[in-house]
Amino acid sequence: MAQPLFRIFKLGIEIKDLVAFRKVGQTNLLTSLANEEGTWAMYACHEDEQGLANVVCELYQAEPAYQVHANSTHFQAFANLAQRAVKKREVINLKPELLLKKPGQLKVSGANNLEIRLAQIVIAADKLPAFRQSVFAEMQTAIKKEPGVLAMYAGSLPQENQWYFFEVYQDAGSYEAHRQTDHFKRYLKETTPLVVSKQLTRLVTDTAVSQALEINLQVN
């Protein structure tokens, strides 16, 4: 099986173009959901009060699925606007480590209750096997046992000991409930000594879509 394509964008938006950027971005995501079965999930969020610091997470079945998306008219419309609207751009290409999503289509735009967290973690290089074992067990338990955990995606940079986690919860209550579970507390206890640094960011969802398929993929 071809490796899924997992990437995160950090985009700084010009304030004068924000409304147009949100509108064309929403159209891009919703049209992708309807027309592109290989576009598995897309989440457009922001992390600041003004909404200018944007984070976009994309998950594709494989490179050919991304090419279908990249050549679409709705993406081209988004890309054309982004040329003037985006003043700062960082692309984080990730090796998928563990990708989990509950079955069921997600289609959210405008006001919503989704709770999304982006975590960046640096692990001691010699502790990677232990970290991987602990975090994978915690993620699998969470997606299986917690109704409010909708998706958990883990990916690493080429350095291997730098990981990103993109987590989607039904609402804030689901996120807080997750933090109180025995499996999450066990994960924290096991991995705290293995972690060099951790940055956790709460994201506000503007538009979020995912296909109905269940995803449970561990990529070696």
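Quick caveat: nothing in here was measured; it's all calculated off a predicted structure. Side chains are part of it too, since the values below use all heavy atoms of this structure and drop only hydrogens, waters and symmetry mates.
Leu33 places none of its side-chain heavy atoms less than 4.5 Å from the side chain of Leu106. Residues Val55 and Glu47 have side chains in contact (heavy-atom distance under 4.5 Å, counting atoms from C-beta outward).
Remark: Arg117 pairs with Glu115 by the salt bridge (Lys or Arg N to Asp or Glu O under 4.0 Å) rule, at least two apart or across chains. For Glu37, there are no side-chain hydrogen bond (donor to acceptor under 3.5 Å, both in side chains) partners, not counting sequence neighbours. In terms of the side chain to side chain contact (heavy atoms under 4.5 Å, CB included) criterion, Ala177 has no residue partners (sequence neighbours excluded). A search for salt bridge (Lys or Arg N to Asp or Glu O under 4.0 Å) contacts involving Arg186 returns nothing, not counting sequence neighbours. Under the rule for a ring-ring contact (aromatic ring centres under 6.0 Å, His included), the partners of Phe166 that lie at least two apart in sequence or sit in another chain are Tyr43. With sequence neighbours excluded, the residues satisfying side chain to side chain contact (heavy atoms under 4.5 Å, CB included) with Ala62 are Ala2, Pro64. Considering only residues two or more places apart in sequence or on other chains, Arg89 meets the salt bridge (Lys or Arg N to Asp or Glu O under 4.0 Å) condition with none of them. For the salt bridge (Lys or Arg N to Asp or Glu O under 4.0 Å) test, no residue two or more places apart in sequence or in another chain qualifies with Glu58. Here Thr31 pairs with Thr27, Asn35, His74 under the side chain to side chain contact (heavy atoms under 4.5 Å, CB included) rule; sequence neighbours left out. Every residue two or more places apart in sequence or in another chain that forms a side chain to side chain contact (heavy atoms under 4.5 Å, CB included) with Ala79 is listed here: Phe75.
Under the side-chain hydrogen bond (donor to acceptor under 3.5 Å, both in side chains) criterion, the residue pairs touching residues 156-167 are Glu97-Ser156, Gln120-Tyr164, Glu167-Tyr169, with sequence neighbours excluded.
Taking each heavy atom of Phe184 and Arg179 in turn, the nearest pair found is CD2-O, 3.3 Å. The minimum heavy-atom distance linking Glu146 with Lys102 is given by the pair O-NZ, 2.7 Å. Of all non-hydrogen atoms in Gly51 and Arg22, the two that sit nearest each other are O-NH2, 3.1 Å. Looking at every heavy atom in both residues, Tyr153 comes nearest to Leu100 through CE2-O, 3.7 Å.
Atom CG of Asp182 has 12 or fewer neighbouring heavy atoms from other residues, nucleotides or ligands inside a 6.0 Å radius.
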Q: Any chance you could lay out the side-chain hydrogen bond (donor to acceptor under 3.5 Å, both in side chains) test for Asn216 and Gln140, step after step, and finish with the verdict?
A: CA-CA 9 Å; Asn216 191 324; Gln140 291 282 12; 3.1 Å; yes
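In the hydrophobic cluster analysis, where Ile, Leu, Val, Met, Phe, Trp and Tyr join through side-chain heavy atoms closer than 4.5 angstrom, Leu30 is grouped together with Tyr60.
Remark: side-chain polar atoms of Asn80 are not paired, donor with acceptor, to backbone N or O of Phe78 under 3.5 angstrom. The backbone N or O of Thr205 lies less than 3.5 Å from a partner atom in the side chain of Asn112, making a donor-acceptor pair.
Stacking of Arg7 on the aromatic ring of Tyr66 is recorded, both the 6.0 Å distance cut-off and the 45° axial limit being met.
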Side-chain donor-acceptor pairs under 3.5 Å in residues 190-199, sequence neighbours left out?
{"residue": "Glu190", "atom": "OE1", "partner": "Ser134", "partner atom": "OG", "Å": "2.6"}
{"residue": "Thr191", "atom": "OG1", "partner": "Tyr187", "partner atom": "O", "Å": "2.7"}
{"residue": "Thr192", "atom": "OG1", "partner": "Leu188", "partner atom": "O", "Å": "2.6"}

